[in-house]
Q: 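The structure under discussion is supplied below as structure tokens; questions concerning it will follow.
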Amino acid sequence: INAEYMGIRAYKACEAHSVFHMVRHNCQALEEYVADDATRRALGRLLELVALQIIHESAGEWIDVLNSQLLESIYTRITELLAEIRPDAIGLSDGFNFSDYQLKSTLGRHDGRVYEAIYEEAKKSPLNAKSQMVGWEDFSTVLDLNFLRDGMRQQHARL
């Protein structure tokens, strides 16, 4: 066994150790510092999602421990957690008390002009700086351009 192999294995062991401690200390903090049951459950689901997502993304590192059935169970639970967290998402993000300005949010506008704000932000994006979209050379060869042009004409005709 060479030093490079051992270095990689040591790095991966440190990474797993760090994740373990992050999850352990966050679990302890939830129990010790979060008095409200609903908040503790919401944050617990979020922590579970983070932990399972880390395991799922590094599944190759767990090949000797996790079989395909366990990996499928992890993926299923991630999907369940996303559905469970969705109703709490606004409350969780609002709980940090960041302003829409700090988040650079176009959705949380007080003037109600959300779509206009999204459009203005899209115009500022570097992806929209050129008249042709990134990758047009590849897509234009497989798209039905006549169909797209006809659709565009019909949409403009309705305006």
Side-chain angles (χ1 to χ4, degrees), residues 1 3-130 133-136 138-139 142-143 148 151 155:
I1 298 179
E4 288 177 15
Y5 174 80
M6 291 307 294
I8 292 169
R9 301 310 301 161
Y11 171 80
K12 292 298 182 182
C14 289
E15 190 175 45
H17 182 76
S18 297
V19 170
F20 166 75
H21 280 286
M22 183 270 302
V23 172
R24 187 175 118 207
H25 290 298
N26 276 278
C27 285
Q28 289 172 342
L30 287 175
E31 291 300 319
E32 291 178 31
Y33 301 111
V34 182
D36 181 69
D37 285 338
T39 303
R40 187 173 42 255
R41 284 192 305 273
L43 291 173
R45 285 190 294 270
L46 203 56
L47 178 59
E48 183 183 358
L49 175 65
V50 169
L52 290 175
Q53 188 63 32
I54 290 170
I55 292 169
H56 190 266
E57 287 176 2
S58 59
E61 302 300 323
W62 300 94
I63 202 78
D64 294 332
V65 179
L66 300 175
N67 59 32
S68 61
Q69 186 178 5
L70 285 171
L71 284 173
E72 186 60 34
S73 295
I74 288 171
Y75 182 75
T76 300
R77 182 62 183 145
I78 287 171
T79 305
E80 292 169 357
L81 283 165
L82 289 172
E84 291 173 23
I85 290 168
R86 189 169 289 113
D88 297 325
I90 292 173
L92 287 167
S93 56
D94 284 354
F96 291 104
N97 205 24
F98 290 119
S99 70
D100 291 329
Y101 176 77
Q102 288 171 305
L103 296 172
K104 296 181 175 61
S105 172
T106 54
L107 298 177
R109 296 181 58 93
H110 298 292
D111 62 6
R113 298 176 56 85
V114 174
Y115 295 108
E116 293 88 342
I118 291 172
Y119 180 68
E120 289 303 317
E121 287 300 313
K123 288 194 313 189
K124 294 177 192 174
S125 171
L127 290 174
N128 297 321
K130 296 180 180 177
M133 67 178 236
V134 174
W136 177 252
D138 298 319
F139 288 119
V142 295
L143 292 174
L148 293 174
Q155 288 178 5

Q: Measuring only between side-chain heavy atoms, which start at C-beta, is Ile54 closer than 4.5 Å to Met22?
A: yes
Q: Output a table of donor-acceptor pairs, distance under 3.5 Å, between side-chain atoms of residues 35-50 and any protein atom two or more places apart or on a different chain; print 'none' if there are none.
A:
| unit_1 | atom_1 | unit_2 | atom_2 | d |
| --- | --- | --- | --- | --- |
| Asp36 | OD2 | Ala38 | N | 3.4 |
| Asp36 | OD2 | Thr39 | N | 2.9 |
| Asp36 | OD2 | Thr39 | OG1 | 2.7 |
| Asp37 | OD1 | Arg40 | NH2 | 2.3 |
| Arg40 | NH1 | Val34 | O | 2.3 |
| Arg45 | NH2 | Asp88 | OD2 | 2.5 |
| Glu48 | OE1 | Arg77 | NH2 | 3.1 |
| Glu48 | OE2 | Arg77 | NE | 2.9 |

Q: Any chance you could measure His56, atom NE2, to Ile78, atom CD1, to the nearest 0.5 Å?
A: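 His56 atom NE2 to Ile78 atom CD1 measures 5.5 Å (nearest 0.5 Å).
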Q: Taking all non-hydrogen atoms of both residues, which atom of Ala51 and which atom of Val23 are closest, and how far apart?
A: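 Ala51 and Val23 have their closest heavy atoms at CB-CG2, 3.8 Å.
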Q: Identify the two heavy atoms, one from Leu143 and one from Trp136, that lie closest to each other, and give their separation to 0.1 Å.
A: CD1-CZ3, 4.0 Å
Q: When you look at Leu66 and Ile55, which way does the side chain to side chain contact (heavy atoms under 4.5 Å, CB included) test go after all the steps?
A: CA-CA 10 Å; Leu66 300 175; Ile55 292 169; 3.6 Å; yes
Q: Hey, could you give me the CG/CD distance between Leu30 and Gln28, rounded to the nearest 0.5 Å?
A: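 Going from CG on Leu30 over to CD on Gln28, the span is 10.5 Å.
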Q: Nearest 0.5 Å please: distance from the CZ atom of Arg113 over to the CD1 atom of Ile118.
A: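 CD1 of Ile118 is found 12.5 Å from CZ of Arg113.
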Q: For a 4.5 angstrom cut-off between non-hydrogen side-chain atoms, does Lys123 reach Glu120?
A: yes
Q: Could you pull out the closest heavy-atom pair between Ile74 and Leu52, with the gap in Å?
A: CG2-O, 3.8 Å
Q: For Gln102 and Ser99, indicate whether the former's side chain and the latter's backbone hold a donor-acceptor pair under 3.5 Å.
A: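 Such a contact is found between Gln102 side chain and Ser99 backbone.
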Q: Please check if the side chain of Ser125 supplies one atom and the backbone of Ala122 the other of a donor-acceptor pair under 3.5 Å.
A: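 No, Ser125 side chain to Ala122 backbone: no donor-acceptor pair under 3.5 Å.
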Q: First locate atom OH of Tyr75, then atom CD of Glu80, and finally report the distance between them rounded to the nearest 0.5 Å.
A: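 Going from OH on Tyr75 over to CD on Glu80, the span is 12.0 Å.
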Q: Table please: side-chain donor-acceptor pairs of residues 6-19 below 3.5 Å, with sequence neighbours left out.
A:
| unit_1 | atom_1 | unit_2 | atom_2 | d |
| --- | --- | --- | --- | --- |
| His17 | NE2 | His21 | NE2 | 3.1 |
| Ser18 | OG | Cys14 | O | 2.9 |

Q: Output the distance between atom CD (Gln69) and atom OG1 (Thr76), rounded to the nearest 0.5 Å.
A: 10.5 Å
Q: So which atom in Pro87 and which in Ala83 form the shortest heavy-atom distance, rounded to 0.1 Å?
A: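 The answer is CD-O, 3.3 Å.
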